[in-house]
Each structure stands twice: as C-alpha cells, then as structure tokens.
**Student:** 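I'd like to ask you about the structure that follows.
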Amino acid sequence: MSVSFATWNINSVRLRLPMVLDFLEKYQPDVLMLQEIKCTNDQFPAAAFAKAGYPHQAVHGQKSYHGVATISKLPLRDVSSRMFCEVPDSRHVSAQLDFGHGPLTVHNFYIPAGGDEPDPEINPKFRHKLGFLSELGDWFADPAFVGEHLIAGDFNIAPHANDVWGHKQLLKVVSHTPIETQTLDALLVNGCGWTDLVRKHIPHDQKLYSWWSYRSADWQASDRGRRLDHIWSTRNIAEVSQGAEIIRDARGWTAKPSDHVPVIVRFAPAAT
DNA sequence: ATGACGTACCGCGTACGA
C-alpha cells in the first residue's frame, strides 16, 4: 500500500466535520494536516477522528481564529509548535513519524494571509507575512535543521504564473506579488533544499488551483482560483513520492464548502 | 481585482480571511 499525506484549510473544523470524515473515508490519507480549525484544543473533535481511524493527533488550536491540527493513522512523536514573529498565534505544529522511509518530521503551517495592501510599510499584516517567511528561511537554513522533513499547509502564496487564473491581473494582489513569490521561491531552493511535490507531478505548464473565493458568483464557471496550499519535502523523501492530486471537486461537495480543497501527495510503500 | 461571501463570538455588529 502506498502512503499519502494530505493538507486542507478547512475554515472551521467543527462546522465541516462531516465533510472531513467523508473525505477521510473516501481518500484514506495516512496523515491529514488541517488549517484554520478555528477552535481551541478542547473543542477539537478528537474522538470523532479517532473513531474514523486517526487516533494520533497533534493539535495546536486557539479561540476563533487560525489553528492547525495534524491527524494520523501512524503514531506521532515529539509533537511541538513554534512561534513566529513573537506573535502567540497558532500557525504551526510538527511531529515525527515513520512511514517506511526513515524518520520524517511533518510540519503543518498556516502562513499569515497578509491583508489587502501589499506594502509592509503601511500594512502590519503584510509585514507580518514577510517576517514570518523570513524567520522560516532562517530556520530552514540553520545547520541544526537536519534530517528529513515534509512541510505542508496553507502558505497563502500562489508562486507561479499557472498557480493563478491571471498572472498579470494578480501582480498587485496579495498572494501573488513579486516580493511574495520571489521570497517563496528563495525558500524553496535555499537552506536544506526543498521539492514542491505537487509541481513535481503536475508540471508548471498546467493551471492548478487549490482555492476559489467565496465571493465569486459561480466559482466553477469563472474558475478564478489560486494555488495557495502546498506540500514540500526534503530531497530524499521527494525521491520516493509517486503522485499528487488536488481534489477540486471538494469545492462543490456541499452547500457550505471550505474555500480551499484538499491537496494530496502519495509515496511509495515502505521498503521491505 | 472577483469580491453580489463566510466564520466566530456572548453578537444583535465587528474582526478577519485572501
């Protein structure tokens, strides 16, 4: 059996718990990383996920906003979360697991959205986003950042031309501005050296989105999406990835979907 | 710029998302 890792910005896990359970039943990812759970650790539906076959959980929630949770069929150890920019919000949780290719540290990120105005001088939210990315770069380049890692989540950046519906139209829109896309590209190649696993399997010449605005009258018809959700890994892990999939249909599964859809990467079965 | 929306909260409007 292959092993798969999924990420999904669920925009309230309590509101959309039935939808997540349906997804787990149908796709059976070994690990699911959720963002914007919008609840405290106590409010997280831990028992429902355990009953669904995901008893191993690393939850870093907070009241009302943000919050990340990783649920897993595989045992998790060394659960921890990091603070960025000295802001005590819940945007990261990590854990180590074994999936047949040696120890892997799995990081779940919810990178700040950045507000409306793409100018760090006048917009503190955009400043926070750039600061967060800067600290991430420092962390990944640190000699102490060793071993194999997989990072996934809502990065809130659509890095390349075919990651958005209109490259020129979005150059001044937060999520696709040059300062953001160049910073993310630098993060990808610097430090330990990452592979964008989704683009390894679905090449850059194809339009690919994981998010469609709620404000569009007909998301499917206008199809003005962005690829904001990502799964990257270090090289040795990337070598055993076998495929990637974005579950576009999930945007229309229910009358009240998340504005993001699940992203999945599959890996080779454990070596025997 | 698409944006005619959606979520949480002790709420009856406001903050936040992207």
Side-chain angles (χ1 to χ4, degrees), chain A residues 7-20 34-45 59-69 84-85 87-92 108-120 122-133 153-161 163-181 183-184 207-230 246 248 250-263:
Chain A
T7 180
W8 194 3
N9 179 321
I10 197 60
N11 187 17
S12 175
V13 71
R14 288 177 293 171
L15 194 66
R16 277 181 260 282
L17 176 61
M19 198 179 177
V20 181
L34 295 164
Q35 302 84 37
E36 284 205 90
I37 61 174
K38 293 190 172 178
C39 66
T40 60
N41 289 8
D42 286 348
Q43 295 169 322
F44 186 74
V59 185
H60 187 205
Q62 68 179 76
K63 188 180 174 183
S64 300
Y65 302 117
H66 320 315
V68 291
F84 293 85
C85 305
V87 179
D89 54 6
S90 303
R91 297 182 177 277
H92 169 259
N108 180 350
F109 282 106
Y110 177 50
I111 294 178
D116 285 326
E117 186 59 52
D119 182 348
I122 62 172
N123 176 6
K125 292 180 187 175
F126 197 69
R127 193 159 64 239
H128 181 208
K129 186 178 198 174
L130 296 181
F132 194 106
L133 293 167
D154 180 0
F155 292 8
N156 270 313
I157 298 172
H160 299 112
D163 296 332
V164 292
W165 63 270
H167 174 61
K168 285 182 184 171
Q169 292 92 328
L170 291 171
L171 279 171
K172 292 182 177 174
V173 175
V174 171
S175 73
H176 194 63
T177 64
I179 181 70
E180 293 169 89
T181 58
T183 302
L184 196 67
K207 287 278 186 192
L208 193 60
Y209 317 134
S210 64
W211 172 90
W212 292 261
S213 173
Y214 281 127
R215 296 192 194 185
S216 175
D218 185 338
W219 73 274
Q220 211 159 10
S222 57
D223 199 20
R224 290 181 165 170
R226 307 176 200 169
R227 188 172 72 103
L228 303 177
D229 303 276
H230 302 273
I246 296 188
R248 177 187 169 98
R251 186 63 177 77
W253 273 348
T254 68
K256 284 189 167 290
S258 170
D259 45 356
H260 297 252
V261 299
V263 177

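Below, all heavy atoms of this structure are taken into account, side chains as well, without hydrogens, waters or symmetry copies.
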**Student:** Base, sugar-phosphate, or nothing for A/N9, non-hydrogen atoms under 4.0 angstrom?
**Tutor:**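 The answer is sugar-phosphate, as A/N9 gets under 4.0 Å only of primed atoms, P, OP1 or OP2.
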
**Student:** Check whether any side-chain N or O of A/Y65 sits under 4.0 Å from OP1 or OP2 of B/dG6, and answer yes or no.
**Tutor:**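 Looking at the OP1 and OP2 atoms of B/dG6, neither is under 4.0 Å from any side-chain N or O of A/Y65.
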
**Student:** Please work out if A/D154 contacts a base, only the sugar-phosphate, or nothing of the nucleic acid, heavy-atom cut-off 4.0 Å.
**Tutor:**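 It contacts sugar-phosphate atoms only.
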
**Student:** Please determine if a side-chain N or O atom of A/K63 lies less than 4.0 Å away from the OP1 or OP2 oxygen of B/dA15.
**Tutor:**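 Indeed not, no polar side-chain atom of A/K63 lies that close.
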
**Student:** Is any N or O donor-acceptor pair between the side chain of A/R16 and the base of B/dT7 shorter than 3.5 Å?
**Tutor:**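 Under the 3.5 Å cut-off, the side chain and the base do not form any donor-acceptor pair.
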
**Student:** Quickly work out the A/N156 CG to B/dC16 C1' distance and round it to whole Å.
**Tutor:**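 To the nearest whole Å, that distance equals 12 Å.
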
**Student:** What interatomic distance, in whole Å, is found between C1' of B/dG11 and the corresponding atom of B/dG6?
**Tutor:**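 After rounding to an integer number of Å, I get 16 Å for this pair.
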
**Student:** Side-chain donor-acceptor pair under 3.5 Å between A/N11 and A/E36, yes or no?
**Tutor:**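 A/N11 vs A/E36: no donor-acceptor pair found between side chains.
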
**Student:** OP1 or OP2 of B/dT7 less than 4.0 angstrom from a side-chain nitrogen or oxygen of A/S12, does that happen here?
**Tutor:**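 So the side-chain polar atoms of A/S12 never come under 4.0 Å of the phosphate oxygens OP1 or OP2 of B/dT7.
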
**Student:** Give A/S222 one of three labels, base, sugar-phosphate or nothing, depending on what nucleic acid heavy atoms sit under 4.0 Å from its own.
**Tutor:**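 Answer is nothing: A/S222 stays at 4.0 Å or more from every strand.
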
**Student:** Rounded to whole angstroms, how far apart are CD1 on A/I157 and P on B/dG17?
**Tutor:**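 Rounded to whole Å, this separation is 15 Å.
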
**Student:** If you assign each of A/D116 and A/Q169 to its closest nucleotide in DNA chain B, which residue comes earlier from the 5' end?
**Tutor:**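 Whichever sits nearer the 5' end wins; that is A/Q169.
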
**Student:** What does A/L170 touch in the nucleic acid at a heavy-atom separation under 4.0 angstrom: a base, only the sugar-phosphate, or nothing?
**Tutor:**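 It contacts base atoms.
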
**Student:** Just the rounded figure in Å: distance from P of B/dG6 to NZ of A/K38.
**Tutor:**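 The distance from NZ of A/K38 to P of B/dG6 comes to 12 Å, rounded to the nearest Å.
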
**Student:** If I pick the C1' atom on B/dC10 and the same atom on B/dT14, what distance separates them, to the nearest angstrom?
**Tutor:**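 Rounded to whole Å, the distance is 13 Å.
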
**Student:** Quantified in whole Å, what is the C1' atom distance between nucleotide B/dA4 and nucleotide B/dA8?
**Tutor:**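 Result for the C1' pair: 23 Å, nearest Å.
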
**Student:** Separation of A/D163 atom CG from B/dA18 atom P, in whole Å?
**Tutor:**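 Rounded to whole Å, this separation is 16 Å.
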
**Student:** Quick one: does A/R91's side chain get under 4.5 Å of A/F84's, heavy atoms only?
**Tutor:**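 A/R91 vs A/F84: side chains apart.
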
**Student:** Looking at B/dG17, I'd like to know if its phosphate oxygens (OP1 or OP2) sit under 4.0 Å from a side-chain N or O belonging to A/K125.
**Tutor:**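 True: A/K125 side-chain N/O within range (under 4.0 Å) of B/dG17 OP1/OP2.
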
**Student:** Working note: A/H176 + A/H167, criterion ring-ring contact (aromatic ring centres under 6.0 Å, His included); need CA distance, chi angles, decisive distance, verdict.
**Tutor:** CA-CA 8 Å; A/H176 194 63; A/H167 174 61; 5.0 Å; yes

**Student:** Can a side chain N or O of A/H176 be found less than 4.0 Å away from OP1 or OP2 on B/dA18?
**Tutor:**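 No.
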
**Student:** Indicate yes or no: does A/D223 engage A/R248 in a salt bridge with an N to O separation below 4.0 Å.
**Tutor:**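 A salt bridge links A/D223 with A/R248.
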
**Student:** Which part of the nucleic acid does A/F155 contact within heavy-atom distance under 4.0 Å: base, sugar-phosphate only, or nothing?
**Tutor:**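 If one applies the 4.0 Å heavy-atom cut-off, A/F155 turns out to touch nothing in the nucleic acid.
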
**Student:** If I pick the C1' atom on B/dT2 and the same atom on B/dG17, what distance separates them, to the nearest angstrom?
**Tutor:**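 B/dG17 and B/dT2 have their C1' atoms separated by 15 Å.
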
**Student:** Would you call the rings of A/W211 and A/H260 parallel, tilted or perpendicular, where under 30° means parallel and over 60° means perpendicular?
**Tutor:**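 A/W211 vs A/H260 ring planes: tilted.
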
**Student:** A/F132 has an atom CZ; how far is it from atom P of B/dA18, in whole Å?
**Tutor:**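 Atom-to-atom, A/F132 to B/dA18, this comes out as 13 Å.
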
**Student:** If you draw the axis of the six-membered ring of A/W165, does the NZ or CZ of A/R224 fall within 45° of it and under 6.0 Å from the ring centre?
**Tutor:**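 Satisfied, under 6.0 Å and within 45°.
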
**Student:** For the pair made of OH in A/Y209 and C1' in B/dA18, what is the distance, rounded to whole Å?
**Tutor:**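 Atom OH in A/Y209 sits about 16 Å away from atom C1' in B/dA18.
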
**Student:** Looking at B/dT7, I'd like to know if its phosphate oxygens (OP1 or OP2) sit under 4.0 Å from a side-chain N or O belonging to A/K256.
**Tutor:**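 Affirmative; the distance criterion is met.
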
**Student:** Taking atom P of B/dG6 as reference, at what distance in whole Å does atom CZ of A/R215 sit?
**Tutor:**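 Nearest whole value for this atom pair: 10 Å.
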
**Student:** Using the side chain to side chain contact (heavy atoms under 4.5 Å, CB included) rule, pick out the option among A/D89, A/N156, A/I37 that qualifies with A/Y110.
**Tutor:**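 Between A/Y110 and the candidates, side chain to side chain contact (heavy atoms under 4.5 Å, CB included) is satisfied uniquely by A/N156.
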
**Student:** Under 4.0 Å between a side-chain N/O of A/R14 and OP1 or OP2 of B/dC9, yes or no?
**Tutor:**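 Looking at the OP1 and OP2 atoms of B/dC9, one of them is under 4.0 Å from a side-chain N or O of A/R14.
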
**Student:** Distance check: side-chain N/O of A/N11 vs OP1/OP2 of B/dT7, anything under 4.0 Å?
**Tutor:**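 False: A/N11 side-chain N/O out of range (4.0 Å or more) of B/dT7 OP1/OP2.
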
**Student:** By nearest nucleotide on DNA chain B, pick out whichever of A/G114 and A/I37 is the more 5' one.
**Tutor:**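 Counting from the 5' end, the first nearest nucleotide belongs to A/I37.
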
**Student:** Check the distance between B/dG17's P and A/D89's CG and give it to me in whole angstrom.
**Tutor:**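 For the pair A/D89 CG and B/dG17 P, the rounded distance is 9 Å.
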
